[in-house]
Amino acid sequence: MNLNQSLLDRVEKFNGLYDPSFEHDACGVGFVASIHGECSHEILKRAISCVCRLQHRGAMDADAKTGDGTGVLTQIPYDLFRPEVEKMGHKLFRDTDLAVGSLFLPRKQEYEIGVCHKVIQEVLEQRGLILFGFRKVPVKMNVLGDKALETCPEFEQALIGRSPDSTLSADDYEKTLFLCRNEIEDRVSAAGVKHFYIPSFLRRSS
């Protein structure tokens, strides 16, 4: 059967070129942005409101609290993280030098968390990057359902930088972070630590 005949058959069957087999289930996604490229807390508030309105698109457990996961992807909030870096005894020379690693760590396992921290620091140093420190992410555990509480990890952020005299371009910096992420996960797994995951390790978003 040639292509023309195939198209004619489809037109005849579906009364047009549309074919329902092209359809696939997908997660709900919303985009909120300023057309002027301005950063604003109002944009974040609208994005969170958007997520709340997508509740009907996600799976929900019988407890009506445990969902299948949702979140907001933003640009790195430098005004938030710059003071955090200074608290850790460092100085951010350029905002664009900052990268953030989001970490899911084994819950209430101090030794295993220590192993993760050690591997992260070693890998970053070996690749010429600076680990400013780890920031605990504020969370509200009381809003979680029972199932989510049972499997909830510890949430931390690794605040990372490149040295002021670094010759890494923006793209090379991003590539180095990607390689660091893969190596860290491999080494932590080889050390026998379970329930460790890096959702993101980037300098462009968080």
Do L103 and I120 make a side-chain contact, defined as non-hydrogen atoms from C-beta onward lying under 4.5 Å apart?
yes
R107 (side chain) donor-acceptor with E150 (main chain) under 3.5 angstrom
no
Should the ring pair F104 and F155 be called parallel, tilted or perpendicular, given that the plane angle runs from 0 to 90° and is split at 30 and 60?
perpendicular
Establish whether L73 and V32 are linked, either directly or via other cluster members, by ILVMFWY side-chain heavy-atom contacts under 4.5 Å.
no
Any donor-acceptor pair under 3.5 Å from Q121 side chain to L131 backbone:
no
Are the side chain of T176 and the backbone N or O of D172 linked by a donor-acceptor pair below 3.5 Å?
yes
Where is the tightest heavy-atom contact between T96 and R203, given as atom of each residue plus distance?
O-NE, 3.4 Å
Do you reckon V115 sits in the same ILVMFWY cluster as I198, going by side-chain contacts under 4.5 Å, direct or chained?
yes
side-chain contact (heavy atoms from CB on, under 4.5 Å) between E156 and H117, worked out:
CA-CA 10 Å; E156 289 188 6; H117 285 177; 2.8 Å; yes
Treating Ile, Leu, Val, Met, Phe, Trp and Tyr as nodes and any side-chain heavy-atom pair under 4.5 angstrom as an edge, say whether M88 and L124 lie in one connected cluster.
no
Are V119 and Y111 in one and the same hydrophobic cluster, where Ile, Leu, Val, Met, Phe, Trp and Tyr link if side-chain heavy atoms are under 4.5 Å apart?
yes
I'd like to know if the side chain of H195 pairs up with that of Q109 as donor and acceptor (distance under 3.5 Å, no hydrogens or angles considered).
no
What one should report as the nearest heavy-atom pair of L144 and A148 is CB-CB, 4.2 Å
Side chain to side chain, I160 and V100, heavy atoms closer than 4.5 Å:
no
State whether a side-chain donor-acceptor pair under 3.5 Å links D171 with S169.
no
For the atom pair CD (Q75) and CG (L202), what is the distance rounded to the nearest 0.5 Å?
13.0 Å
Is the closest side-chain heavy-atom distance between L129 and Y173 below 4.5 Å?
yes
Is the count of non-hydrogen atoms from other residues, nucleotides or ligands lying under 6.0 Å from R127 atom CZ greater than 12?
yes
Going by heavy atoms in the side chains, are F81 and R135 under 4.5 Å from each other?
yes
Sub-4.5 Å side-chain heavy-atom contact between F201 and I184
yes
How close do Y197 and R181 get, counting heavy atoms only, and between which atoms?
OH-NH2, 3.6 Å
Using every non-hydrogen atom in the two residues, find where E154 and P106 come nearest and quote the distance to one decimal.
CG-O, 3.6 Å
Ignoring hydrogens and angles, tell me if any N or O in the side chain of S166 forms a donor-acceptor pair with the backbone of L168 under 3.5 Å.
yes
Hydrophobic clusters here meaning ILVMFWY residues chained together by side-chain heavy-atom distances under 4.5 Å, can you tell me if L177 and F134 are in one?
yes
Taking all non-hydrogen atoms of both residues into account, name the closest pair between S34 and I43 and its distance.
CB-CD1, 3.7 Å
So how far is it from S189 OG to K194 NZ, rounded to the nearest 0.5 Å?
9.5 Å
Pair R82 + E86, salt bridge at N-O below 4.0 Å
no
When rounded to the nearest 0.5 angstrom, what is the spacing between NE2 in H41 and CG in D79?
12.5 Å
Are more than 12 heavy atoms from other residues, nucleotides or ligands located less than 6.0 Å from atom CG of D186?
yes
Closest approach of V188 to C116 (non-hydrogen atoms, all atoms of both residues):
CG1-SG, 3.9 Å
Could you tell me whether the side chain of Q126 reaches within less than 4.5 Å of the side chain of E183, counting heavy atoms only?
yes
